[in-house]
Amino acid sequence: MAISVKPAINIKAIADGDVKAFETLYLEYYNKVLTFTSVLLQSPVKAEDATQDVFLKLWRNRQNLKEEGNINSYIYMTARRVVLDIFRDE
């Protein structure tokens, strides 16, 4: 039986603009963030848009990522802000 190993998320590489490292992060967190935004927004379309916005913000602000920081917390804080912005705009 083969065991698949997930590649580690390299925060420094993402901060330096490594697209492959960001792709690893995206693949690891996309469904988790989509579930989070879906629960809060109760709309599949809004949740999909919000999730895409989260990853766009992460990429645009990648230089602010800290290697020793908690990427999980950073992603969910970003997602929370995106959802709050959607509520505010409605």
Side-chain angles (χ1 to χ4, degrees):
M1 182 165 118
I3 298 174
S4 69
V5 178
K6 291 183 199 175
I9 296 171
N10 186 337
I11 302 305
K12 180 169 179 357
I14 294 169
D16 291 341
D18 184 326
V19 174
K20 282 301 249 183
F22 186 77
E23 180 182 3
T24 300
L25 173 102
Y26 180 86
L27 293 172
E28 175 69 24
Y29 280 93
Y30 180 83
N31 285 328
K32 296 172 188 176
V33 173
L34 181 60
T35 299
F36 180 74
T37 58
S38 294
V39 168
L40 295 173
L41 293 168
Q42 296 294 302
S43 164
V45 173
K46 287 180 185 178
E48 178 71 34
D49 289 345
T51 300
Q52 291 297 324
D53 197 27
V54 167
F55 288 100
L56 182 61
K57 287 179 185 298
L58 288 171
W59 180 252
R60 286 185 175 162
N61 296 306
R62 66 189 177 275
Q63 68 280 358
N64 296 328
L65 293 175
K66 304 289 185 240
E67 193 172 0
E68 66 280 351
N70 185 334
I71 191 64
N72 191 61
S73 293
Y74 189 78
I75 289 171
Y76 283 101
M77 285 175 53
T78 302
R80 186 174 153 260
R81 281 190 222 114
V82 167
V83 168
L84 288 174
D85 288 344
I86 291 170
F87 286 146
R88 208 171 298 127
D89 292 343
E90 289 180 344

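Throughout, residue positions are numbered sequentially from 1 according to the sequence presented. Keep in mind that what you see is a predicted model, and the values were worked out from it rather than measured.
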Can you find a pair of side-chain heavy atoms, one from K66 and one from Y74, that are under 4.5 Å apart? no
Smallest heavy-atom separation, L41 atom then A50 atom, equals CD1-CB, 3.8 Å
Do I75 and L58 have side chains that get closer than 4.5 Å, going by heavy atoms? yes
Please step through side-chain contact (heavy atoms from CB on, under 4.5 Å) for the pair Y29 and N72, ending with a clear verdict. CA-CA 9 Å; Y29 280 93; N72 191 61; 3.1 Å; yes
For the hydrophobic clusters of this structure (ILVMFWY residues joined by side-chain heavy atoms under 4.5 Å, transitively), does one cluster hold both Y30 and L65? yes
Hey, quick one: are L56 and I11 part of the same hydrophobic cluster, counting side-chain heavy atoms closer than 4.5 Å, chains of contacts allowed? no
Flag yes if F55 and L27 sit in one hydrophobic cluster, no otherwise; membership is Ile, Leu, Val, Met, Phe, Trp, Tyr, and two members link when side-chain heavy atoms are under 4.5 Å apart. yes
Looking at side-chain heavy atoms only, is the closest gap between I9 and I14 below 4.5 Å? yes
Least distance between heavy atoms, V33 atom then Y76 atom: N-OH, 4.2 Å
Mind checking whether M77 and V83 sit in one hydrophobic cluster, side chains of I, L, V, M, F, W, Y counted as touching below 4.5 Å? no
Does D18 reach the side chain of N10, with side-chain heavy atoms less than 4.5 Å apart? no
Do the side chains of W59 and Y26 get nearer than 4.5 Å, heavy atoms only? no
Starting from the C-alpha separation in whole Å, work towards a yes-or-no answer on side-chain contact (heavy atoms from CB on, under 4.5 Å) for V82 and T37. CA-CA 9 Å; V82 167; T37 58; over 6 Å; no
Flag side-chain contact, heavy atom, 4.5 Å: F36 against T51: no
Quick check: do R88 and D85 have side-chain heavy atoms less than 4.5 Å from each other? yes
